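Shown below is the structure under consideration.
Small disclaimer: the values here were computed from a predicted structure and weren't measured.
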Amino acid sequence: MEEKKETRGTLVFAVNGEKFELSSVDPSTTLLEFLRSQTRFKSVKLGCGEGGCGACVVLLSKYDPVHDQVADFTVSSCLTLLCSVNGCSITTTEGLGNCKDGFHPIHERVAGFHASQCGFCTPGFCISFFGSLVNAEKSNRPEPPSGFSKITVAEAEKAIAGNLCRCTGYRPIADACKSFSSDVDMEDLGFNSFWKNGESKEVKINRLPSYNHNHKICTFPEFLKNETKSSLFLGSGKHFWHSPANLKELQSVLELSKACGTRIKLVAGNTGMGYYKDTEVYEKYIDLRYILELSKIRRDSSGIEIGASVTISKAIEVLKQERRGDFLSEDDMMLRRLADHMEKIASGFVRNIATVAGNLVMAQRKNFPSDIATILLSVDSEVTILTGSRFENLLLEKFLERPPLDSESILLSIKIPSWESSRNASSKCKSELLFQTYRGAPRPLGNALPYLNAAFLAEVFLCKDSGGIIVDSCRLSFGAYGTKHSIRARKVEEFLAGKMLSVSILYKAVNMLRATVVPEDGISRPAYRVSLATGFLFEFLRPLVDCSAEVFNGYLEGFTGSLFARSSGIKEKHEQLRYDKYPSLLSSTKQAIPLHREYYPVGQPIPKSGAAIQASGEAVYIDDIPSPKSCLYGAFVYSTKPLARIKSIKLKPNLQPDGITAVISSTDIPKGGENIGSKTKFGTEPLFADEIIKCAGEPLAFVVADSQKHADMAAKSAVVDYDIENLESPILSLEEAVKRSSLFKVPPFLYPKQVGDISKGMADAEQKILSAEIKLESQYHFYMETQTALAVPDEDNCIIVYSSIQCPEFAHSTIARCLGIPEHNVRVITRRVGGGFGGKGIKAMSVATACALAAHKLRRPVRTYQNRKTDMVMTGGRHPMKITYSVGFKSSGNITALHLEILINAGMCADMSSIIPRNIIGALKKYDWGVLSFDIKLCKTNLSSKSTMRAPGEVQGSFIAEAVIEHVASTLSMEVDSVRNMNMHTYQSLCLFYKDAEGELLEYTLPSIWNKLSTSASFIQRTEMVREFNRINNWKKRGISRVPIVHEVWLRSTPGKVSILLDGSIVVEVGGIEIGQGLWTKVKQMVAFSLNSIQCDATGELLDKVRVVQSDTLSLIQGGLTAGSTTSEASCEAVRICCDILVERLIPLKEKLLQEMGSIKWETLILQAYSQSVNLSASSFYVPDFSSMRYLNYGGAVSEVEVNLLTGETTILQADIIYDCGQSLNPAVDLGQIEGAFVQGIGFFMLEEYLTNSDGLMVADGTWTYKIPTIDTIPKHFNVEILNSGHHQKRVLSSKASGEPPLLLAVSVHCAVREAIKEARKQLLSWSSSDGVSLTFQLEVPATMPVVKELCGLGIVERYLEWKMGAK
């Protein structure tokens, strides 16, 4: 009641210099929601809604009137509440530049370094980098050279470390950013459109788009400086936002809220929403950021006190501030370590608004796996709590152990004590303070929750009598391993106190720790987490065990103050062993790119069409299309059960938001329509489950509301009543599917052919491996733009659907069948797709169809943009499979026969699964197996239908081949590379295995690629270096591997249309869809090349006159499916046919005009053609003939890795790729495809765990749990050579595909890891004749840290210590 008496304020802020004033705001509205729905700035994208991808990053600028300074920092707009930006200025990438007023150098360099493919993530990268650039320019660093900035290479790389990209492989993005750095080595910058190889540094600098570091973009307009930023009170109906200015005001608000029973939410950064999704509706939001007492940082001799509203980034900055002196004090070093660890929490744009206190409260209240709690626990931190009017100081340890804080209690501050002052006051002996933090996580630079974190503080001193190191006291904290909160290992601390460190003492401590760090039931990888704890403790104490006396010689004499001087040997030794704690990012890269002008401009590395407008945020994706009037929004309700009847679907009244319009289900399909959501030549899939649900994740209904937020909330609140009575148990395994004969039939024309007589091949073998098994799991596409569509009813019972889809034609006919209307009443339009990789093929149809059905029924526009969780649950992913193989071989390593039994999990519907058997065998045939036979079953299960994903089946086939080769090599104790080499195809065997696709002898370039890799990658020399490294290193092992690929592709029929307009500009339509693969770019080049044959005078660059326009299913029919890597070249051939027709029509006119005028310009020719009624539009339908329909792609890769035996972490040191592109249509585009595919393959083989529950429902359903590669997980040295293999008469201008085949080369990383693990296991055997340790083993896919560590030995520390004790 009294709340309404308060004077309501106005929310005032700016976006790209434009002023916004709002008097009524729903406090739950995020900045992202507002920008996308209420402004014209659509560059900020929704990628995850969790702060985990960077697609929504903006620059937030705040003005400090006291110091007359503007603070600029990046934030995740999907987590930032709109009310929290009062008095602030927002800058998006549109605010940096645009196509009309001129692009910013960031935009130009992103385009010129070929750093944007699908482009959906590009604006976020631009702003993430811009934020760091702005702050670097504010620093008092020396003036940079002309054309450069004050930012360093390391800062440029770190600036984008939190952003995700699924297309590029990151290397070109990093290069574009590093090109601004004053300390960059220009030779390290990769292939770009600005300079050519061999040009001087000066020439290169001059050719970069100009950057003047003194010309600063105004991030904070003057008109905002007078706006108030505190004590804001806003209201919207029953919901309010309050920003108290001081603690007293906060107490008053809390008391009033308690008295009124108001549901409140305390807000500082709101980043917790990214992890704990809000389902509760709050009546009042209380903003803590402007409370003076909570925003202070105090530093004195007793320590540092950090207020509750201080951000993690600000805390890091303060902790890194050193006090003046000749040396770093112990406190300074400890605080710096805390700061370094905090920099691995989340990403910069989250840390910039997340608070230290908020992180601790989540840990205390909700058992969040906090790093901050663990590291602060180890240094005896304290907290101050306010409950009502009562203040309470207590140790962090006690705070964490208390019952969860209620909404009336506030964490006010955190105190990190000064250890230096307390030790000086209490220390009885001269000791050294050692402090270190540890983190075992899937990504080195953070943005990933840890499996376990730890922090150790120890006071140690030298025993003069024995020369050993004695632990005076220590604090050992551990967290995030599957416990309610971070803990101190008290018993281990007590045991170590007063002990002289030795191998036996360390052994006992490690064993005690195993009994202390015990994950709770249900936690994944419990044994691995415990092994991390023991490994970290071992790593911390190992340098102090049995130190030789020589280390201290020369350091003990004349010491004062501290036993170990800053330069002491023990300190150096401890620090040296920790140097690798802070991983570097990318090092040098090399790209060898042959260029040719034979078909100019085809073959030139021109930047991808639209790259600059993608960077500036002007490129329009489906969800960027402004919502039509009266537009509604939809969200799917999906099943959580694998096999059940639907009794009812109800929305929870207490969680149901306002604005619900309808719940669409199968009963709403119109008369004459069908319940069909997608179709292929192999079958259909229902739009909604009818009576019986067939899998978890199957769509049940489509909730339609007045906003996407309300639709999502309503769908999430849905309660489905299931009935499983009298139903069979669901089929959730491949074995059960076979047992119950639940199989799909593979059409005979798609079933691969066997090679030779298996009985004869096995009879020729001298040795055999029988019935070995491999299991491969799924992979999610993780396109950055989730599934989206917009359906708009049109006149005369027609409908227009805008869809982000790879096959508009298929969606077109599916929608018509569902609605029961003729196909000419449906129009499907697709301009560009924000990443697809196969997932926007069949799976996008149901999304478009659901929108169309709802729009058709409600007679209003309906759109949807799926949230990431729903997208991940419903999309299906790559095909899991189980392989059983038997192989016969000679003792020399020559393989005589391979037999495979393959079970493929297709899920509940056929989708495109029937092509998978052919693809698996096609990639597996890369070696000469002598004889190859197989039995492949396509299993129908109660799991979501599996869909094609980049290199579907081929990536699994390539892996199976390498697994067999490695098994044979291991059995024979031979080098794997020798066995690979021995079983490579001759041209004769290639013809046998790849009949009708092998091409001419000269086209078989794999042997030359194989040999060239040996030289260019220094394979032999590096193999020896790896051996030497492994000989002298106990705790890190390296592996190196060289693998080949043979990848068969098929061309499909494709339409094209080229029209020349009156002014001579050219518009092109093709059946292929631009999904980031550069299809439009290659098509433009082909049109320019083909029309240039007219040879008009002063034609200029025809390329600039060509525009490729969106796909429209009523304008250009039979577009088919953009997939299989060949759509670009097929589209190019289709437009070339069109151009040839136009040239044929124009040549007679040109010759006639030449006789009359002597010379003719292109524009004049076209003007005359119009006046003489020459048809200047030509259509074609390219149908490849049998001889050119199939061909083989070849490539090879060498990968070198380093494995940390204590954690299982793998670092990819170097990858060298050679790939045959024929004569590349655009080597810059192809290079991007090669690198991007390889990195996506790294994700499959090393990182991406597709986790489901017992019902088959995907549970790794967001950025918190599903980890794709990031810039810190790609190869440090990434070298690519594109091989120009010359003329191929049956190819399109001698070109070859590049989109999918290079993904297969990533298996080289997995193979290299296997080699490193083998060395670790050899070492383990040398320490003890361990049972269960064999040099023949299967390495799972993905080879995540726990998987690798388990094979290296979960008890490796104990084994080593036992060996050391036995040796003594």
What do you reckon, is NZ of K265 surrounded by more than 12 foreign heavy atoms closer than 6.0 Å? yes
Side chain to side chain contact (heavy atoms under 4.5 Å, CB included) partner of T271, chosen from I353, T355, T80, N359: I353
Do V15 and V58 come within less than 4.5 Å of each other through their side chains, counting heavy atoms only? no
Between the side chains of Y63 and D68, does any donor sit under 3.5 Å from an acceptor? yes
F478 and T483: CA distance, side-chain angles, deciding distance, side chain to side chain contact (heavy atoms under 4.5 Å, CB included) verdict: CA-CA 10 Å; F478 299 89; T483 182; over 6 Å; no
Any side-chain donor-acceptor pair under 3.5 Å between T262 and S257? no
Run N352 and T311 through side-chain hydrogen bond (donor to acceptor under 3.5 Å, both in side chains) and show every step you take. CA-CA 6 Å; N352 288 338; T311 65; over 6 Å; no
Does a side chain donor of either S413 or E305 reach within less than 3.5 Å of an acceptor in the other side chain? yes
What pair of heavy atoms forms the shortest contact from C88 to K62, and how long is it? SG-CG, 3.5 Å
Taken to the nearest 0.5 Å, the spacing of L81 CG from W241 CH2 works out to 5.0 Å
Between the side chains of E50 and R868, is the shortest nitrogen-to-carboxylate-oxygen separation below 4.0 Å, so that they form an ion pair? no
Under 3.5 Å donor-acceptor, S309 side chain and A268 backbone: no
With the side chain counted from C-beta on, respond yes when D371 and K344 share a heavy-atom pair under 4.5 Å apart, and no when they do not. no
One should read off an interatomic distance between L476 CG and L377 CG, to the nearest 0.5 angstrom, of 10.5 Å
Report yes or no: do N135 and S132 form a side-chain donor-acceptor pair below 3.5 Å? no
With a 4.0 Å cut-off, would you call K1267 and D1272 a salt bridge? no
Could you label the plane-to-plane angle of the F13 and F34 rings as parallel, tilted or perpendicular, counting under 30° as parallel and over 60° as perpendicular? perpendicular
Between T374 and S486, do the side chains contain a donor N or O and an acceptor N or O under 3.5 Å apart? yes
Decide if atom NZ of K19 counts as having more than 12 heavy atoms of other residues, nucleotides or ligands within a radius under 6.0 Å. yes
Assess, by modelled atom type and distance only, whether the side chains of S302 and K415 contain a donor and an acceptor separated by less than 3.5 Å. yes
If we only count heavy atoms from C-beta on, is the R337 to Q436 side-chain gap below 4.5 Å? yes
Hey, are the side chains of F129 and N163 touching, using non-hydrogen atoms and a 4.5 Å cut-off? no
Could you tell me whether K258 atom NZ has more than 12 heavy atoms of other residues or ligands within 6.0 Å of it? no
Is the Y438 to F456 ring centre distance short of 6.0 Å? yes
F233 and F240 aromatic ring geometry - parallel, tilted or perpendicular at 30°/60° bounds: parallel
How about K238 and V281: do any of their side-chain heavy atoms sit closer than 4.5 Å? no
Any heavy-atom pair between the side chains of L247 and F391 that's under 4.5 Å? yes
So CG of L22 and CG of L234: to nearest 0.5 Å the spacing works out to 8.5 Å
